[in-house]
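Indexing begins at 1, ligand by ligand and atom by atom, following the structure's order.
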Amino acid sequence: MGWNTLDDMELAGKRVLLRVDINVPVDNGVVSDDTRIRRVAPTVADILARGGSPILLAHFGRPKGQVVPEMSLSPLQPALEAAFGAPVVFCADCRGPAAEAAVAALQDGEILLLENTRFHSGEEKNDADLAAEMAQLGDIYCSDAFSAAHRAHASTEALAQLLPACAGRLMQAELSALEGALGQPKRPVTAVVGGAKVSSKLELLGNLVEKVDHLVIGGGMANTFLAAQGIDVGKSLCEHDMTGTALEIVAKAQTAGCKILLPTDVVVAREFKAGADNQTVAADACPADAMILDAGPATVAAMADVLASSQTLIWNGPMGAFEIPPFDAATNAAAQQAAALTKSGDLISVAGGGDTVAALNQAGAAKDFSYISTAGGAFLEWMEGKTLPGVAALTR
Ligand code: ADP
Ligand code: MG
């Protein structure tokens, strides 16, 4: 791998500037979901166990370069102490004399939490001066914030250039999983791409057809591909202005030797609501007054064959309107099959995307996937084949 990890670093007696993403939901001053905090706990524990001092850098909300008291990180302190099992000291700035004094006063075994990096306008501008001030607070830079790595900000990019830099345990796990799925994957590789719109996933589709062996297209975006073949999709969600683009993607796939699987049968309804009266029809037989809300059983069976013959799966976007049963059927079936294949050691499965993670959880499948990325925008940009500044800065 082209990046250092904590294993490559001498940590004893070192101040480690640890960039984390702890943008957790807070209700009335109390953290209501500490998932993101728990995910960085192994890195914090590792640094402490090896005699280093973790100094946490993080953003919180979008204060846009102003001090916004409601977006202070200080209410997170108790939740951090609970998750890390160690004392957390809070400092009301992430730079300057106050931060320097807090670092100097830090005792062995303590963790320092610095205030929201976005209280300074230099953060989102990747400002060199702000990065230099933060660099003075540490000896080593460690990033565990893959989900913020698609943004070149002072605490994710410029700062990484100024100190010996490495990936934390969470970042390391995320990079290894993603590298295993698209970098040097076991073939055949299948990508499942669904969700609402082609327009939001254009670059992603364009990159994937060059890298994967099979591309399964589902969800609302499949309607656009069907329409591109001259099929009438009735009242379905469909971007008619994107049909030319859909044909270009199909042509690109053909050149690259990527096989595209589109729905051959679909579940249609006249209302977008749970339990709506529905029927299964051939993909080219959607009634004019109905809309396609899920893939049908024949499509699910064809998809099952593709998955069974694959070694690696990368998934973004549900196969149908999974929020309203029974239009979650195709998504659930594929998710459960992928989970079972992964559990039996026959598939490496990586998935990401806000609705995708929700859909896989709903199907009870997420826990058996090889890796579920919660990184959102960073995951998508990585799937698009882009270099993420916060990752590139670690690979020196
Ligand atoms: P993610 O957040 O995982 O990237 P998207 O936001 O692209 O996924 O897509 C998820 C949305 O797509 C869901 O709200 C789902 O209801 C919608 N969707 C999927 N299939 C259809 C369909 N056939 N018609 C309308 N909406 C659909
Ligand atoms: Mg979404």
Side-chain angles (χ1 to χ4, degrees), residues 147 150 178 181 191-205 207-208 215-228 231-240 242 246 261-276 278-281 283-287 289-297 299-300 303 313-335 338 349-363 365-366 369 371-384:
S147 47
H150 57 313
L178 300 186
V192 173
V193 181
K197 292 177 172 179
V198 174
S199 54
S200 63
K201 298 195 177 170
L202 204 55
E203 291 180 77
L204 187 148
L205 291 166
N207 181 45
L208 287 178
L215 173 64
V216 178
I217 300 178
M221 70 162 63
N223 303 336
T224 303
F225 281 84
L226 293 174
I231 291 173
D232 185 352
V233 294
K235 290 213 156 64
S236 302
L237 177 67
C238 178
E239 294 170 285
H240 290 282
M242 294 297 291
L261 180 71
L262 276 170
T264 53
D265 63 341
V266 291
V267 182
V268 301
R270 278 156 183 96
E271 289 174 288
F272 190 94
K273 71 165 207 214
N278 64 87
Q279 24 173 169
T280 300
V281 299
D284 60 359
C286 177
D289 62 344
M291 57 197 153
I292 300 170
L293 292 181
D294 199 10
T299 305
V300 170
M303 194 175 164
L313 165 69
I314 176 144
W315 186 341
N316 169 260
M319 294 296 292
F322 76 99
E323 301 97 330
I324 46 167
F327 309 104
D328 55 352
T331 303
N332 288 346
S349 51
V350 174
D355 292 293
T356 309
V357 176
L360 297 183
N361 276 324
Q362 189 176 302
F369 268 60
Y371 196 80
I372 300 276
S373 175
T374 51
F379 176 78
L380 288 178
E381 287 199 21
W382 170 81
M383 267 183 98
E384 288 165 1

_Closer than 4.0 Å to some heavy atom of Pro318 - which atoms of ligand 1 meet that?_
8 (O), 9 (O), 10 (C)
*Enumerate the protein N/O/S atoms at a distance below 2.8 Å from the Mg ion (ligand 2), ignoring waters.*
Asp355 OD2
*Nearest protein heavy atom to atom 15 (C) of ligand 1, by residue and atom, and its distance?*
Glu323 OE1, 3.4 Å
*Out of curiosity, Thr331 OG1 to Asp294 CG, how far, rounded to the nearest 0.5 Å?*
5.5 Å
*Applying salt bridge (charged side-chain N to carboxylate O under 4.0 Å, His left out), which residue pairs with at least one partner in residues 372-384 are found, sequence neighbours left out?*
Glu384-Lys386
*Could I get the full list of salt bridge (Lys or Arg N to Asp or Glu O under 4.0 Å) partners for Lys235, not counting sequence neighbours?*
none
*Answer with side chain, backbone, both or neither: which part of Leu237 has a heavy atom less than 4.0 angstrom from an atom of ligand 1?*
side chain
_Could you tell me, atom by atom, which parts of ligand 1 come under 4.0 Å of a heavy atom of Ala321?_
16 (O), 19 (C), 20 (N), 21 (C)
*Non-neighbouring partners of Ala285 that pass side chain to side chain contact (heavy atoms under 4.5 Å, CB included), sequence neighbours left out*: Val281, Ala282
_Can you check which of Val198, Asp355, Val193 brings a heavy atom nearest to atom 6 (O) of ligand 1?_
Asp355
*In terms of atom number and element, which parts of ligand 1 are under 4.0 angstrom from non-hydrogen atoms of Gly354?*
2 (O), 3 (O)
*ligand 1 to Lys201 polar contact by distance, N or O atoms, under 3.5 Å*: yes
*Taking distance alone, with no angle check, do Gly220 and ligand 1 share an N/O pair under 3.5 Å?*
yes
*Between Val357 and ligand 1, find which residue part has any heavy-atom pair under 4.0 Å and reply side chain, backbone, both or neither.*
neither
*With heavy atoms only and a cut-off of under 4.0 Å, state how Lys197 meets ligand 1: side chain, backbone, both or neither.*
neither
*Donor-acceptor pair, Ser236 side chain versus Ile292 backbone, under 3.5 Å?*
yes
*Which residue owns the protein heavy atom closest to atom 12 (O) of ligand 1, what's the atom, and how far is it?*
Ala196 N, 3.2 Å
*Note the single closest protein heavy atom to atom 9 (O) of ligand 1, along with its residue, its atom name and the distance in Å.*
Gly195 CA, 3.1 Å
*Going by the order shown, which atoms of ligand 1 are within less than 4.0 Å of some heavy atom of Thr356?*
1 (P), 3 (O)
_Are any of the N/O atoms on Ile292, whether in the backbone or the side chain, positioned under 3.5 angstrom from an N/O atom of ligand 1?_
yes
